[in-house]
Amino acid sequence: MEHIIIPLFQPGTVAPPTRLQRLGDAMRRHRGLIVGVQWAVVVFYLALVSIPAFLPLPPADGRMLENLTLFAQFIFWGVWWPFVIVSVMAVGRAWCGLFCPEGTLTELASRFGLGRAVPRWIKWGGWPLAAFVLTTVYGQLVSVYEYPKAVLLILGGSTVAALAVGLVYGKGTRVWCRHLCPVSGVFGLLARLAPLHFSVNRDNWNRAPENTRQAVQCAPLIDIRRMTGASQCHMCGRCSSHRDAVKLTARLPGREIAELPANDAKAWEARLLVFGMIGVAVGAFQWSASPWFVAIKQKIAGWLVDHDVFWLLQDNAPWWLLTHYPESSDVFTWLDGLLILAYIATTALLVGSWAWTWLRVAGALLPGRARDNAHWLAYSLVPLGGVGVFLGLSAMTVSHLSAEGLSLPWLPQIRAALLGSAALWSMGLALGMMRHTPSIPRRLMAASAVTIAVAGVITPWLFLFFLW
Ligand code: SF4
């Protein structure tokens with residue numbers, strides 16, 4: 001029997017827009033609604049950041065529904081941050097483009113500011129790593145998860161910096177978000193996993209009729225025509241259907257990484273992932289639960305007392321340098337501060353160097369330069385980095401809910417499942433990235449080296465959640 005194939009669309013006809021495309025276009029059309037939501041978030045955020053800092057500390061038996069400070073803590077660290085991480089992995093950086101209060105404020109400020117060109121020092125590729133490490137470590141020293149004055153200092157300070165950058169640089173753009181925001185680099189890595197992105201059809205772009213060519217102002221300063229991934233896109237929708245070339249599109253989760261050309265890998269992004277998002281983050285989440293930290297501290301404190309060195313045991317540092325809340329019996333000595341720094345630095349170097357070494361081994365087994373291959377293969381660890389940060393932040397969610405009397409008996413299983421899935425996803429991505437390597441034995445040996453790197457990344461989380 002002869003089959004007749006009826007083409008769905010004749011050449012030259014235009015396919016009807018998909019639902020996603022229509023969603024992207026709706027975001028472009030309903031810009032006013034988005035701006036309204038952004039300003040509501042700004043007001044909510046400013047209230048939660050500033051008001052608790054001027055209230056007395058909550059009582060030991062306080063409840064979050066009765067105490068604004070505890071409520072703000074839960075919203076920031078128990079809901080906001082962990083689920084922003086999840087959202088970036090799920091829908092790209094829509095958080096940045098649709099909700100982030102700092103993005104809204106810096107863009108507004110830059111509309112009325114000096115409009116200066118972005119200088120070279122701001123474009124330095126190491127800022128995302130430096131800013132992430134500094135804010136993470138400083139947050140631990142001043143106990144940002146527990147005290148509202150520390151929240152005002154760190155989050156409020158970041159907002160003031162975003163405003164200042166907006167007032168000086170760019171015109172209606174987000175120079176702060178693109179180059180300096182402490183979480184922009186992390187979000188840029190995580191967005192590569194997202195199953196949604198704005199794709200650009202270069203042929204349609206070039207063929208677009210003159211009357212559709214009016215430029216779109218992309219706030220995070222993306223060259224939209226050449227955009228090939230979701231890393232920098234804030235998913236604001238302003239360019240949806242521009243030149244009939246930009247469409248909100250679905251893709252397989254992680255496909256952008258599996259198909260990442262080796263020469264698109266950036267050394268600073270790889271360092272941010274391996275030493276910052278994986279190394280520094282696990283050290284920061286781990287030190288307060290670590291029996292090793294306590295043992296080392298007791299040993300050093302004993303030695304200091306035996307040798308009459310008491311200044312390191314004093315707790316006279318101001319609250320903005322080291323945690324200092326005598327009314328809550330929570331004060332850090334200088335020794336505490338130094339040991340926190342040493343613990344985070346050592347963990348970051350041990351875990352990061354372990355992963356880096358095995359990525360180098362894997363890179364040496366593939367064609368090309370070992371170092372460049374290692375930078376490229378590092379992107380396969382993005383799922384582990386993202387899940388690690390989510391699990392670390394969600395520990396705050398868990399402790400807040402426990403304090404409210406909610407028990408979570410299935411928590412260990414969920415944590416194990418998330419870590420296991422992230423590890424498998426990372427290994428799968430590495431295998432996908434290496435699929436064009438002609439030699440199968442070399443590919444397998446390189447995959448084994450990545451597996452050893454993955455094992456080293458998971459181990460500190462196993463200690464934190466299951467062994468201590
Ligand atoms: S490319 Fe720019 S304008 Fe287009 S959606 Fe992304 S952030 Fe918005």
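Order of appearance sets the numbers: ligands from 1, and atoms from 1 within every ligand. Any value given below was found using the heavy atoms of this structure, including those in side chains, with hydrogens, waters and symmetry copies removed.
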NZ/NE/NH1/NH2 to OD/OE distance under 4.0 Å, E269 and R192: yes
Derivation of the salt bridge (charged side-chain N to carboxylate O under 4.0 Å, His left out) call for D25 and R22: CA-CA 5 Å; D25 292 349; R22 290 204 299 269; over 6 Å; no
Short N-O contact, E107 and R178, less than 4.0 angstrom: no
Near-ring test W127/W268, centroid separation under 6.0 angstrom: no
Centroid separation W205 to H242 less than 6.0 Å: yes
Aromatic plane relationship, W80 with W95 - under 30° parallel, 30 to 60° tilted, over 60° perpendicular: perpendicular
Neighbouring protein N, O or S atoms of atom 6 (Fe) of ligand 1 [cut-off: under 2.8 Å, no waters]: C233 SG
